[in-house]
Amino acid sequence: MTKTKEPGAELPLQQQEEVTIRFAGDSGDGMQVTGNQFTNTSAVVGNDLATLPDFPAEIRAPAGTRPGVSGFQIHFSSADVHTPGDAPDVLVAMNPAALVVNIGELKPGGMLVVNTGSFGPNDLRKARLEKNPLEDGSVDGYRVIEININERVRLALADSPLSTKEVQRCKNFYTLGLMYWLYSRPLKPTMNWLQEKFAKRPELVEANQKALQAGFNAGDIHEMFQGRYDVQACDNLPAGTYRNIMGNQALGLGLLAGAEQSGLKLFLGAYPITPASDLLHQLALYKNFGVITFQAEDEIAAICAALGASFAGCLGLTTTSGPGVALKAEAMGLAVSVELPLVIVDVQRAGPSTGMPTKVEQTDLLQSIFGRNGEAPIPVLAASAPTDAFDCALEACRIAVEYMTPVILLSDNYIANGSEPWKLPDLQKLPEFKAKFRTNPEGYLPFMRDDRGMRPWVVPGTPGMQHRIGGLEKEDGTGNVSYDAENHSLMTHRRHDRVQSVRETIDTPEIFGPDKGEVLMLGWGGTRGSIQSAADRCRAAGMSVANMHMRHLWPLPKGLDEIFSSYKCVLVCELNLGQFFRVLRSEFPQYNFLSYTKVEGKPFQSVELTRHVQELLEQ
Amino acid sequence: MTKTKEPGAELPLQQQEEVTIRFAGDSGDGMQVTGNQFTNTSAVVGNDLATLPDFPAEIRAPAGTRPGVSGFQIHFSSADVHTPGDAPDVLVAMNPAALVVNIGELKPGGMLVVNTGSFGPNDLRKARLEKNPLEDGSVDGYRVIEININERVRLALADSPLSTKEVQRCKNFYTLGLMYWLYSRPLKPTMNWLQEKFAKRPELVEANQKALQAGFNAGDIHEMFQGRYDVQACDNLPAGTYRNIMGNQALGLGLLAGAEQSGLKLFLGAYPITPASDLLHQLALYKNFGVITFQAEDEIAAICAALGASFAGCLGLTTTSGPGVALKAEAMGLAVSVELPLVIVDVQRAGPSTGMPTKVEQTDLLQSIFGRNGEAPIPVLAASAPTDAFDCALEACRIAVEYMTPVILLSDNYIANGSEPWKLPDLQKLPEFKAKFRTNPEGYLPFMRDDRGMRPWVVPGTPGMQHRIGGLEKEDGTGNVSYDAENHSLMTHRRHDRVQSVRETIDTPEIFGPDKGEVLMLGWGGTRGSIQSAADRCRAAGMSVANMHMRHLWPLPKGLDEIFSSYKCVLVCELNLGQFFRVLRSEFPQYNFLSYTKVEGKPFQSVELTRHVQELLEQ
Amino acid sequence: MTTDAKLKAKDFKSDQDVRWCPGCGDYAILSCVQGVMAELGVSKENTVFVSGIGCSSRFPYYMDTYGFHSIHGRAPAVATGIKVANPDLSVWIVTGDGDALSIGGNHLIHLLRRNVNIKVLLFNNEIYGLTKGQYSPTSRQGLRTKATPFGSIDHSFNPISLSLGAGASFVARTVDTNLKHMREILLQAAAHKGTCFIEIFQNCVIFNDKVFDEVADKQVRNDRLVTLAPGEKVVYGSDGDKGLRLNGFDLEQCSADEAMVWDASTASAAPAMLFADIDRASDLPTPIGIFRKVERSVFENDVYRQMDQVTSNKGPGDLKSLIYTGDMWNVD
Amino acid sequence: MTTDAKLKAKDFKSDQDVRWCPGCGDYAILSCVQGVMAELGVSKENTVFVSGIGCSSRFPYYMDTYGFHSIHGRAPAVATGIKVANPDLSVWIVTGDGDALSIGGNHLIHLLRRNVNIKVLLFNNEIYGLTKGQYSPTSRQGLRTKATPFGSIDHSFNPISLSLGAGASFVARTVDTNLKHMREILLQAAAHKGTCFIEIFQNCVIFNDKVFDEVADKQVRNDRLVTLAPGEKVVYGSDGDKGLRLNGFDLEQCSADEAMVWDASTASAAPAMLFADIDRASDLPTPIGIFRKVERSVFENDVYRQMDQVTSNKGPGDLKSLIYTGDMWNVD
Ligand SMILES: Cc1ncc(C[n+]2csc(CCOP(=O)(O)OP(=O)(O)O)c2C)c(N)n1
Ligand SMILES: Cc1ncc(C[n+]2csc(CCOP(=O)(O)OP(=O)(O)O)c2C)c(N)n1
Ligand code: SF4
Ligand code: SF4
Ligand SMILES: [Mg+2]
Ligand SMILES: [Mg+2]
């Protein structure tokens, strides 16, 4: 179906290093599919990239309204990409609501592609607009490309057997075709995908493929575009096999890998909650890996079942978001007390309370470290990007199993739903941490300690080693209930020390930029990309700025003292009111920490960080 | 019944400034009653005092065993008393188990009164003793008074109509009589108490009164005691009317007073848990005050019902201990989000998990400040002594109502069950903080703000002001659900600032001792007495030591900067692994905080604190 | 509660945009409830809608009454606090099958046990709508959802049986496709003193479309639904010619004449249980209507009765005499 | 499960001191359970006792099996994790009326709904023992406790009705004063495939002494208790001369000859409900024995069946092919 002569081939082909496009339309317009296809094709042509979907709030709002707007942003580049891009270079707006909700973020002078077919009076009314923004000056200063996509799709599919409504559903592929033309991408991958996706409905394959091609061909309208662009393959990426992956998916795979590396059966106890539910959905598919997924009646039952499964010899796992973590606090304390492995994944969302379930925030850190009764220490780590979620999940499993402890792994919905190219790991080289069940009754006591301070893991079914565990204080060694004063102190310190000893097997974080200087930008979790970009820019602008990103948030890794002492100030950037800043200040009162925060349910933009650092240095 | 010539009146009467007695026996021996009577009588004669019961673990252990031992310590004095005393001067041991469990803490050279009637082979076996501790050297170094109380009671009540078993139940009053003689206390108050207590069973009144008198008379055995003691009335106490009160009781009265001062109906939603259950029991008695107590199905329902009641215009209250606080975390976030008054009382116990329910610890502080998802700030304060619990409860109610916020009040089971003389408050002078319900619909918006940043409280039933509240993020002003970025930031900061603004109406804590110097001992909660005593001792020994005790733990009061800068170091003493120390360090990194901690399920002894300060100063 | 008796259904509409999916069964229920409120002549300010979290739980936002959109599963507890604090309020709970029966199951059964005078509307769509389609405790065994890609293996709750087991004093069921019946049930519930539990079959067009169609679709419902109306014969069928009657401990079809007369107030809940146990897959029609309606003392009434009693025994509380009591002494 | 078939009751005693109050009904249950374990010939290492918090929940410490004394109310969840993780284990829950029906009510009903093969022993003493005597959800209305100094106003749960409403496949009741009967019930429960719910009337000598005496005391129990035994007539009385039979939807006393034959496996749980609803205060005898026993698919069996099915369809999982999939590209 591909023509031999590319339409518009005579137009100048401009090289660009990097481009950020945002597709925006109604929830029913298929923007997520469009974005994902563009992503995929860009990955296949070898760009580095990062993506960020922006879903509407949970319930489907009426079509055409502002709350119903769905967006997908992709940043692709021939160089390293750290974030899905701050402000888009191109905004595709399928209707007035999509336009008004997003226009504010389009780069000055950026390109705005609008589907004028959806700018009728009715459409404007649904978007609560009194005037047509295309006519009232709202889009001044942008390169506006108006195109009646509704109409063009209708014409392109005039002889299709599909109903009018179904025909209009092909709009997104028309739009995608247009963008493929503009950025010189091949149609093949998407053509194939359509073939597979609608294998059972050939008429849909044909219609969408036609629409895609029609959009591509439409690029040839000289008046519309002044030129085409090309973004070359990225040659910075380390050698390897790649695929594009979303954070939640990578996290799920990492948990599965963690189970394999520990030799344990994975038992997930979960209760659905945005944005963590996808982990349950994904792991539920892995039945042939022996993974058990148990959708419990609530978050408390979920963690308790997982802990029961750990007692019985599984790798217990529970996945949730902030409100669920709050509910699990009591049971986490039990896990601390009985010293069993357990992985708790918190895909953070904006709070407090129900908050904004689809928005990003890093506000569960202090809850994770401190939110339990009694002294109940738990190691806490955070993934920093979609692909890092794989490594962190594996690391969380390692710590849980090697240290007989619950572990909290923080993600957030920016990581969860974002995607980036993943250099697929060499499975031979994954860390090994086979769990050891003790079966020798000789000299066994349930709370005896090995030289690292760990108690032996004996699973029910092991002959001659019956024992009882529970949440009351236990006598050192025997594990019998004990109210003895010195024993309680001993056990409290043992629990504390065991968690602190995780420091022995974690790395000091890497420093990017000068190893001493004015400012060290420090972050954790999903802000890595923005901070990295900002720091790169600062350095490019000649500022004395280094940056580092922390995976292990509790206990803190070794070597920080030396690092912190090398900079005039440490700027802790986080999406909360300064939670890690607080932790660092209390651990290292001698250094000059500064806090930069944002609580808007959105990620940092690297420009705002850059600006802040600049101002800091100018003071 | 009282003889005209006091037995032993010819023995030398020694004046003592202060004495600490510990009564210890089996749970069935009535040691709590004995202790309470001694306390009462001492209060009536005008001593200052402090008491500490030491209950066995929750389930009744078999009679005579070590876990079945019940103790009651009273420290009474003619001078100020800050604690129930470190080591007792006198130990009364009703059986071998009581002896072995407690002897270690008796002061060297202290007096040991033992009931030899319960030192038979069977008794020794129950206490898991192979030898009789009275004979194997265990009691060397103490002044041992052996007396067969079983036998003496039997003889004294030979003509009683009571059964042998019932007769033996009078042992504790015999013992009490003995101690009354030794410390020259009047029998009258206890005689009266017996009269009232057993009004319906005159034979019990008679038997117990006889036993009491017999014990008193028995003091007259010269060989047994070398003299009698007297502890004069304390003339340091400020003028006023006093009664002795336990911490939980004072706290309950404070809550009731808080409801009265706010003009609100008190609604307690509670689920029983040691050591907070007594608050439910107590408030359940106040039905004629319009107090509603609702025993919910669990802690979550308890707080949710209380919050619902607040919405409907009550003062919502929930009382619990650490594991319950963990369960309530999610609902606390909701309370933060909807901005309604709510008082959450946490009578702390030792953790983690179920821990040691009857033992003391201060390990819920960080959970209280930080243990919720999202940025969910809540003011936190802590009572420092049984009588202070009254004032703190009132203060918690004030903050809740004046700032439209949940408030956490920390107590602990040392405060809860301890007692001390209470200078009864002048009810005219209690702070007033009448709640104001808005009823004017004019210009009303559910999340509009007054000049202090508070939203109006409009209760259902108010005409024309219907509105909806909930845990999703709300638009400033209207309170409509909003996912807007800037609005979320605004609201997050508003919530934070509102809680911080509590600082405007709280006092800078008082400093005892020099207003600058080497060491500032700093504590919070139930450790006040021990720290005060220790600081007094240090000062008496010429050390440059001041002390201060903090009631408001979040937000922190103003003026601390000036204070902290006046000492070389601030020694934060707490019964955890350094929780408040962590908070202070992160708030004031510029000062030199040191941490002194203990996690033995027991209060500090002032000697250990003194010793630590001394060592610190010697370094 | 009749201060503004002339209110219309639309007066109960709040100014908020209703944000359910087009075609969602929730719309019908909302408008029925608004109509019933007007019909009952209740005042807006004395009415409170309380909910947990879920699509259905957005309901309070759409009512121009007082409302509390609380947290997942906890509406019964919040509502209990409200009602006990102020018994003059008319308190309604709107909840979903996940909210009420999964995370909130315990609060629900305790509410039913206590018999607080609160009306519970459970929108049962046999799915978690808001979180985009996981199975719920009422989903049919075998249902394929995102969380159960190979079919769910859980047995489901029967909300009617469960509430009977919890001792509920009023138990009913209605469907979003029959607003006339729904209105009837809501009116009866409003009149009942005590907790009313009303299961509403509600269609989720997105994640569990047509799940009740086999019995509730307008085409078949006359033959596949049977209405339990206290004091009336248990008859059904397009021509009203069929009935149900007891045979030992079994139910069997019979002619309308032979049909049993429904008694929702028997001492034991067993008869209601027998009807509750008729599964949608059974040949017998699925019962809607009033399964149970018995008089029991109402929780908040007892709270205040006891309070009055104690007060009349002890006299109104006086803080001063509570504080100034026991062994006191003076220091001058 | 018969590896060490010659174990005696005492082999199931752990080395821990039993710490209940002298005279507590828990002792009798403990020794009965130990006897039954021996009789069943189960191995100690394949048996797990799980509990929440309460006096009764200390039980696992006293059994020389594996044990998990978890947190208040959560034993059903913990036990479900254990059983699903390893179905070869014989898993028993010991819980109290507060633990199981107050804070843990939801987990209990979901366990019963799912039909995990776990045996639940609910020690019902109608009081919170461990926390020193507050009323529980099974306490009789009017009970004066520390938390209800003027009498409780809550209606109580009937644990049997509640579990029937939750769809339990095995529901029974026994008493701590009749160890012969308890043994019988425990043996039957052990043989049943699915969740077994067993309510045990248990006397708390300290906080609720003799509360079951009106029916369970040895003096009266022959006339005040009636045993439901599947397939047998419902007869009672010291001379076994009295019986119960159905009259419409009511139960009535009759002669032993006329007594109905008990069927615990009817399609509907209504008959069991009818018996469950006999209150202790009623003239009719209080039923003990097996209220319900039906076959339903067992949760963990289905878990593994589905796992096997998927595995045989898709082949055993291979991490590498899961990771190396979709649109991949190479960078050299
Ligand atoms: C503590 C907590 N856990 C989980 C969630 C996520 N969540 C929100 S609604 C819901 C289930 C909704 O199902 P249902 O009650 O049936 O309502 P529906 O949407 O079907 O009307 C879940 C799991 C949450 N908001 N809070
Ligand atoms: C989260 C939590 N809430 C409350 C408690 C206090 N608590 C312990 S056991 C118990 C009730 C015990 O009653 P029941 O289950 O009937 O057991 P019994 O002691 O009567 O055998 C309560 C309220 C607790 N340990 N944990
Ligand atoms: S998801 Fe289902 S229940 Fe929720 S609004 Fe849409 S149709 Fe209704
Ligand atoms: S308090 Fe009651 S239930 Fe608990 S051990 Fe004592 S008698 Fe048994
Ligand atoms: Mg639902
Ligand atoms: Mg009980």
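This structure is a prediction, so every number in the text was calculated from the model and none was measured. Chain identifiers are assigned alphabetically (A, B, ...) following the order of the sequence lines, protein sequences preceding nucleic acid strands; residue numbering begins at 1 within each chain.
Side chains of Glu330(A) and Glu299(B) form no contact here, defined as non-hydrogen atoms less than 4.5 Å apart. Side-chain contact between Tyr483(A) and Lys359(B) is present, with at least one heavy-atom pair separated by less than 4.5 Å. Side-chain contact between His493(B) and Val599(A): present, with at least one pair of heavy atoms (C-beta onward) separated by less than 4.5 Å.
For the atom pair CZ of Phe588(B) and CZ of Arg585(A), the computed distance is 9.5 Å after rounding to the nearest 0.5 Å. Distance check, rounded to the nearest 0.5 Å: CD of Glu486(A) to CD of Glu600(B) gives 5.5 Å.
Note on Ser321(B), Pro323(B), Gly322(B), Gly371(B): by heavy-atom pairs under 4.5 Å with chain A, the leading option is Pro323(B). Contact tally against chain A (heavy-atom pairs below 4.5 Å) for Gly601(B), Gly351(B), Ser489(B), Ala485(B): the top residue is Ala485(B). With chain A as the partner, the residue from Met491(B), Gln348(B), Gln579(B) showing the most heavy-atom pairs under 4.5 Å is Gln579(B). Each of Ala376(B), Ala331(B), Gly355(B), Ala350(B) has some count of heavy-atom pairs under 4.5 Å with chain A, and the biggest count is that of Gly355(B). Put simply, of Asn576(B), Val336(B), Val325(B), the one with the most heavy-atom pairs under 4.5 Å next to chain A is Asn576(B). Annotation: maximal heavy-atom pairing with chain B below 4.5 Å, among Leu577(A), Leu366(A), Val338(A), occurs at Leu577(A). When the candidates Ala326(B), Gly333(B), Pro352(B) are compared by the number of heavy-atom contacts under 4.5 Å with chain A, Pro352(B) comes out ahead.
The minimum heavy-atom distance between Ser586(B) and Ser586(A), with the atom names listed, is CB-CB, 3.6 Å.
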Output, in order, the C-alpha distance, side-chain angles, deciding distance and verdict of side-chain contact (heavy atoms from CB on, under 4.5 Å) for Leu327(B) and Ile300(A).
-> CA-CA 9 Å; Leu327(B) 286 168; Ile300(A) 302 177; 3.9 Å; yes
Thr354(B) and Glu473(A): side-chain contact (heavy atoms from CB on, under 4.5 Å), yes or no, with the steps?
-> CA-CA 8 Å; Thr354(B) 314; Glu473(A) 186 56 288; over 6 Å; no
Going through the distances and angles, do Met356(B) and Leu472(A) end up as a side-chain contact (heavy atoms from CB on, under 4.5 Å)?
-> CA-CA 6 Å; Met356(B) 308 195 301; Leu472(A) 287 166; over 6 Å; no
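Interface remark: Glu375(B) contributes backbone and side-chain atoms alike to the contact with chain A (heavy atom separation under 4.5 Å). Using a 4.5 Å cut-off between heavy atoms, Arg349(B) does not touch chain A at all. Residue contact with chain A, scored on non-hydrogen atoms closer than 4.5 Å, is absent for Thr597(B). When heavy atoms are compared at a cutoff of 4.5 Å, Leu584(B) does not approach chain A at all.
In this structure, Arg582(B) pairs ionically with Glu587(A), as a charged nitrogen and a carboxylate oxygen lie closer than 4.0 Å.
Between the side chain of Asn373(B) and the main chain of Gly324(A), no donor-acceptor pair closer than 3.5 Å is present.
By the 6.0 Å contact criterion, NZ on Lys602(A) is open, its count of non-hydrogen atoms from other residues, nucleotides or ligands being 12 or less.
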